[in-house]
Amino acid sequence: MSLEFSALHLLIGEESPSAEGLKPAFTEAEDKYSRNDTHYLISKENLDDKYFWLYARYGKSLPYSATVYNTKDKTEESNPRSTDQIETDKQLFALYCIQSHTLYLSSTNKKSWVEEYLKAKLKQDVVIKAFFKNVDEFIQQIKSVEKVKFVAKSNLFSSEGEIMKIFPSPKDLYGLGMPEDFMLEANFANASLTDAFVEYLKKMVGWKNNCEADSLLCVGRDDKNFETVFNADSFIQKVSVEAAKNDQGLYEPTMVKQALIRKIGGPDEENS
């Protein structure tokens, strides 16, 4: 059985949060929170400042039936639960990846609740939104550039192409032969948009779409100085992980967490 996560853009204040920015919301391993008669039992983890994990079981006191049906005896019985007792039989999983500025959420219907909960913990405005799906929309939105991160794999597509010209002497690097991949990370101090940048960003998007590049992330600021992210990976992601339910029909949260981290982070993250 698979469980699907949506990749979303989390903003704390006006920008993607750092590990330090998220830590105050994750100081408690266990928490409780109620909203509109929905009650949440929350577990949280900070995983080496790389991932921030939130798991919630939740349920409502109403509607309530005075009787229950016994499937074994095929009879109706008085409900042993009172209206003060709640079955927290719904589940929510959320994982934030610091490196990719990406929030993975198991239910987009609970987006507003995650916003509200983090806002209450951090005492700051919190917004969760979709990544830009089109590079032209992203370019029209931003007024300045802060960061470009680009990773190219050493493969048949890229080893002899134009893409390798942006990396210095890759074949002679350290005298160890061709590396498996190359990363370019450029940070800017509120650099104004230029025609040359727009042209090159579109070229890099083309490399990514043609499998000549492994990943592309661009961070800019809009006219209100809000951080805006174009992530060529995340906007198309609906990450599915294999996760079995137990005898009570619930997912085991530790298994879900490990499976998701392996999926988005690779085999090196298996023991996280």
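Just so it is clear, the structure is predicted and the values come from calculations on it, not from any experiment.
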Checking side-chain hydrogen bond (donor to acceptor under 3.5 Å, both in side chains) for the pair E76/T67: CA distance, chi angles, key distance, verdict? CA-CA 6 Å; E76 278 194 287; T67 62; 3.0 Å; yes
Taking [X] for its side chain and [Y] for its backbone only, find out whether a donor-acceptor pair lies under 3.5 Å.
X: S106; Y: F93; value: yes
X: N134; Y: D136; value: yes
X: K263; Y: S240; value: yes
X: E77; Y: Y69; value: no
X: N79; Y: R81; value: yes
X: Q85; Y: S82; value: yes

side-chain contact (heavy atoms from CB on, under 4.5 Å) between T88 and H39: does it pass, once the steps are laid out? CA-CA 8 Å; T88 53; H39 306 273; 5.8 Å; no
Taking the side chain as C-beta and beyond, is there a heavy-atom pair between [X] and [Y] under 4.5 Å?
X: K149; Y: S100; answer: no
X: L217; Y: V148; answer: no
X: N187; Y: E185; answer: yes
X: L10; Y: H101; answer: no
X: L11; Y: I128; answer: no
X: Q91; Y: L250; answer: yes
X: K143; Y: D222; answer: no
X: Y104; Y: L260; answer: yes

Does the ring centre of Y40 sit less than 6.0 Å away from the ring centre of W113? yes
Do F52 and Y96 have their ring centres less than 6.0 Å from each other?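 No: the rings miss the under 6.0 Å criterion.
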Does K110 make a cation-pi contact with Y58 (under 6.0 Å, within 45 degrees of the axis)?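 Yes, K110 sits over the ring of Y58.
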I need the minimum non-hydrogen distance between [X] and [Y], along with the two atoms involved.
X: I98; Y: P17; answer: CD1-O, 3.9 Å
X: K32; Y: L41; answer: CG-CD2, 3.9 Å
X: L95; Y: I261; answer: CD2-CG1, 3.8 Å
X: S144; Y: N190; answer: OG-OD1, 2.7 Å
X: T108; Y: S6; answer: CG2-OG, 3.5 Å
X: R221; Y: E14; answer: NH1-O, 3.5 Å

Assess whether atom [atom1] of [X] is packed by more than 12 heavy atoms of other residues, nucleotides or ligands within 6.0 Å.
X: K119; atom1: NZ; result: no
X: K129; atom1: NZ; result: yes
X: N70; atom1: CG; result: yes

I need the [X] [atom1] to [Y] [atom2] distance, nearest 0.5 Å.
X: T102; Y: F5; atom1: OG1; atom2: CZ; value: 13.5 Å
X: I142; Y: Q140; atom1: CD1; atom2: CD; value: 11.0 Å
X: N46; Y: T27; atom1: CG; atom2: OG1; value: 10.5 Å
X: F26; Y: D49; atom1: CZ; atom2: CG; value: 11.5 Å

Decide, yes or no, whether a salt bridge links [X] with [Y] under the criterion of side-chain N to carboxylate O below 4.0 Å.
X: K111; Y: E115; result: yes
X: E252; Y: K245; result: no
X: K60; Y: E87; result: no

Should Y200 and V205 be regarded as members of a common hydrophobic cluster, given that ILVMFWY residues are connected when their side-chain heavy atoms come within less than 4.5 Å of each other, either directly or indirectly?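 Yes, Y200 and V205 fall within the same hydrophobic cluster.
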Treat each ILVMFWY residue as a node, draw an edge where side-chain heavy atoms are under 4.5 Å apart, and state whether I139 and F150 are in one component.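 Per the 4.5 Å side-chain linkage, I139 and F150 are co-clustered.
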Check: [X]/[Y] side-chain N/O donor and acceptor closer than 3.5 Å:
X: D84; Y: S61; value: no
X: D31; Y: Y117; value: yes
X: S2; Y: E242; value: no
X: E45; Y: Y55; value: no
X: H9; Y: S16; value: yes

The test is salt bridge (Lys or Arg N to Asp or Glu O under 4.0 Å); show your working for K121 and E28 and say whether it passes. CA-CA 10 Å; K121 289 296 175 180; E28 303 168 302; 3.1 Å; yes
Sort out for me which residue in L92, L54, V126 forms a side chain to side chain contact (heavy atoms under 4.5 Å, CB included) with V114. L92
